[in-house]
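Working notes, beginning with the structure itself.
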Amino acid sequence: MATLSLARDVTFPRDHVYDIVADVARYPDFLPGFQAVRVEGHRGHELIVRQSLGLKGLRQTFRTYATFDRPNWIRIRTTERPFRTLDQVWRFEEPKDHQTRVRLDVEYDFSDPLVKRFSERLFPFLMRQSMDAFIDRARRTDPRRAGHNR
């Protein structure tokens with residue numbers, strides 16, 4: 001199983017950054033590769049989400065299960081193809097007023113050996129792109145910025 005850890009310090013309030021990562025329905029609007037998202041409902045305290053990701057004509061649809069502890073963390077898991085396992089934990093810390101440390105820890109493995117070989121280098125790159133896209137969205141939608149766009 002592979003692991004990846006990313007962290008960024010940003011000058012946005014923790015609640016604002018948390019809300020952007022928690023707003024799964026808007027992912028296709030700004031996250032690279034996200035083609036569709038459908039919230040299927042709840043199972044206990046988990047949000048069940050069907051998502052479709054695509055890259056260069058390839059499309060994968062799978063279900064994830066997300067749990068939330070606002071504004072501290074979000075955990076997203078799946079064991080559906082193309083993954084054997086995917087466990088993402090987003091953490092949001094506030095070391096100073098209106099600053100947030102965003103951490104993403106991911107454990108993952110792919111179910112198909114061919115997909116695994118193809119994704120070994122691609123998946124970390126996509127996770128870094130996603131982190132950048134969330135931060136860019138936080139900047140563009142910062143409520144302290146006059147004329148921000150949602």
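Computation of the quantities below employed the complete heavy-atom set of this structure, encompassing side-chain atoms and omitting hydrogens, waters and symmetry-equivalent molecules. Nothing fancy with the numbering, it's 1 onward along the sequence. As the structure is a prediction and not an experimental result, all values here were calculated from the model.
Glu80 places none of its side-chain heavy atoms less than 4.5 Å from the side chain of Thr61. Asp29 is not listed as a side-chain neighbour of Phe34, based on a closest heavy-atom distance of 4.5 Å or more. Between Asp23 and Val21 there is no side-chain heavy-atom pair separated by less than 4.5 Å. Met127 has its side chain within reach of Leu104: a pair of non-hydrogen atoms, C-beta onward, lies under 4.5 Å apart. The closest side-chain heavy-atom distance from Gln60 to Ser52 is not below 4.5 Å. Within the 4.5 Å cutoff, the side chain of Glu40 has no heavy atoms near those of the Val49 side chain. Counting heavy atoms from C-beta on, the side chains of Val106 and Asp87 never come closer than 4.5 Å. Using a 4.5 Å cut-off on side-chain heavy atoms (C-beta onward), Leu47 and Phe68 make contact.
Taking each heavy atom of Asp9 and Arg101 in turn, the nearest pair found is OD1-NE, 2.8 Å. The shortest non-hydrogen separation linking Asp15 to Arg70 is CB-NH2, 3.6 Å. Contact detail for Ala133 and Leu31: the closest heavy-atom pair is CB-CD2, 3.7 Å.
Taking the six-membered ring for Trp and the full ring otherwise, the centers of Phe123 and Phe110 sit less than 6.0 Å from each other. Taking the six-membered ring where the residue is Trp, the centroids of Phe134 and Tyr27 are separated by under 6.0 Å. The aromatic ring centroids of Phe83 and Phe62 lie less than 6.0 Å from each other.
Asp105 and Arg91 are joined by a salt bridge, as a carboxylate oxygen and a charged side-chain nitrogen come within less than 4.0 angstrom of each other.
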